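These notes concern the structure reproduced below.
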Amino acid sequence: MGEVKALLCVVCMLVSFAATSSQQKKTAPPKNDPTRVYLIHADELLYDRWDNNGAQVLTGDVQFEHDGARLYCDSANFFESSNSFEAWGHVRMVQGDTLSLTSDQGYYDGNQQMMEARDNVVLKNRTTTLYTDELYYDRIWDQGYFQNGGRLVDNGTTLTSDWGEYHTDSKMAVFYYDVKMVDKQFLLTTDSLYYDTRLKKAHIVGPSDITSGRSHIYSELGFYNTITEEAELLNRSRLDNQGRTLVGDSLWHNGKTGISEAFVNVVFKDSVNKSILKCDYGHYEDSIGYAVCTDRALAIDYSQRDSLFVHGDTIKVFTYNIDTDSVFRVLHAYNKVRAYRYDIQAVCDSLVYSSLDSCMTLYHDPITWNLNQQLVGDEIQVFMKDSVIDHAHVIGNAFSIEELPKEKCYNQVSSKEMFAFFIEGQIHEAQAKDNVITVYYPEDKADSSYVGLVYMETSVLRMFMDSIGKLSRIWTPKADGTMYPMSQIPTNKRYLNGFAWYDYVRPLSKDDIFIWRGKKKENEETASVQP
């Protein structure tokens, strides 16, 4: 009877074991289930259902596998029920042959595919390495992010910030708060920055300061390529270089060559020489001090109380002996040049100004005006002193005209060349040399009425002006002339050959210099007949 009972117990145990095995076989996941975290190896495994929150305690060369990723550590607590584990010591996650994540400790959630790495965290993705003390890596979205400071190194380029993200699929890094980017001689500081490690291009999306060599750039929107060292800047970005500032709706700057280009509403300001260039397209080369302005080009000299405005189709600036004590600049303006200042105006086809001798030369049909004085010639040189006109030289076919208050009365002088001398910007003496012919109206000192008209020919003529620029006296060594009473002036003596009063050409304001008005055809024919 006892043997029968023992046999029944054995049968019951076998049935129970078979039922249990059958149930486990139905519920256990397959080994290739990608959602499960698998324990691959551990030197020691300790499990106590009531201790360690139900974790399997693993020590010695611990290895896990989850959906294509290998995870290594020295020790771990494996929570099989929650598909997660805690890891300590030489924690490392490897995904393929391009991504590795190392730290001193970490936590991995297999359901969320999230790795929390802490202490001495290093994320490597090909040539890009991210260093931080705490990193959350999301394998679903292929991105890691930190919130307590991090540093990314990519082929010599280093980025640091308080908060950031790195996307391993798109190779895009996003950094916020106290961002610094260092590359060769380039330093960028901002609060928001996107960096494409594949294209090596930084995307500026907030107020940013950039230092490149001797140049400083401020921009709120733009791009910078760390390989070519080229910056593309938008939204009225600004480039500063040793007292010179370049601003435009958009800027392009090459840190290697020092070449910059600016587009639309461009302003180039030289605080050292107190000058400004404006245009819709500008080109500047820092290494040689060369600048070009086109499209509504405008040069402004504001060194004096009244600024001088010069417009031409194209304006160029050349710098000589740069980076020396003998540095000087030459400005070229050409094609339909017009200039305006309160006390002097000019038009010509081309103009050259050199800071070496403070000389401004006007070429091809030059005309200048000073108050009621008009001066024309083949070439006109104007010399400045302390940015104020000091003297002028008219070379070839010189013709000076002074408009008088009485209608159609003009004092006139023609000669081969002329000189004009100024005191504090006011003409006080004029000289004419070689083949001098003059027509002028002497005044009665009693009532300032005109006595008559004097027609005179001589070799040299000197004219002296009073404090208001009015002719006070003349001097000549020897002259042949005739004086006609006002009522007996012959018509052909009122105007010298080549006389033309170009009041309709004269610039009237700083805005009027942009409106080109050429000579009338009849005046061109008359002006071409010179003595």
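Worth saying up front: this structure is predicted, and the values here are computed from it rather than measured. Nothing fancy with the numbering, it's 1 onward along the sequence.
- Applying the salt bridge (charged side-chain N to carboxylate O under 4.0 Å, His left out) definition to pairs two or more places apart or across chains, none involves residues 257-281.
- Remark: D390 engages no residue in a side chain to side chain donor-acceptor pair (under 3.5 Å) (not counting sequence neighbours).
- Residues meeting the side chain to side chain contact (heavy atoms under 4.5 Å, CB included) test with D133, sequence neighbours left out: none.
- Listed by chain and residue number, H428 satisfy the side chain to side chain contact (heavy atoms under 4.5 Å, CB included) test with I423 (two or more places apart in sequence, or in another chain).
- With sequence neighbours excluded, the residues satisfying ring pair (Phe, Tyr, Trp, His ring centres under 6.0 Å) with F223 are H203.
- Qualifying side chain to side chain donor-acceptor pair (under 3.5 Å) partners for R118, counting only residues two or more places apart in sequence or in other chains: none.
- Between Y281 and F263, the ring planes are tilted. Angles from 30° to 60° get that label.
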Listing, residues 172-179 side-chain donor-acceptor contacts under 3.5 Å, not counting sequence neighbours, or none:
unit_1	atom_1	unit_2	atom_2	d
Y176	OH	Y194	OH	3.2

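- Residue pairs meeting the ring pair (Phe, Tyr, Trp, His ring centres under 6.0 Å) criterion with at least one member in residues 353-375, sequence neighbours excluded, do not occur.
- The salt bridge (charged side-chain N to carboxylate O under 4.0 Å, His left out) pairs that include a residue from residues 292-304 number zero, where partners must be two or more places apart or lie in different chains.
- Residues meeting the side chain to side chain donor-acceptor pair (under 3.5 Å) test with E134, sequence neighbours left out: Y136, N148.
- Ring pair F85/F64 is parallel by interplanar angle, where below 30° counts as parallel and above 60° as perpendicular.
- Ring geometry for F383 versus H391: interplanar angle under 30°, hence parallel rather than tilted (30 to 60°).
- Sorted by first and then second residue, the salt bridge (charged side-chain N to carboxylate O under 4.0 Å, His left out) pairs involving residues 147-156 (not counting sequence neighbours) are D154-K200.
- With hydrogens and angles left out, the side-chain atoms of D138 and Q143 include no donor and acceptor closer than 3.5 Å.
- The aromatic rings of F421 and F419 sit parallel to each other, their planes meeting at less than 30°, with 60° as the upper class boundary.
- Residues passing the side chain to side chain donor-acceptor pair (under 3.5 Å) test with Q56 are E80, sequence neighbours excluded.
- Counting non-hydrogen atoms of neighbouring residues, nucleotides and ligands closer than 6.0 angstrom, the CH2 atom of W516 exceeds 12 such neighbours.
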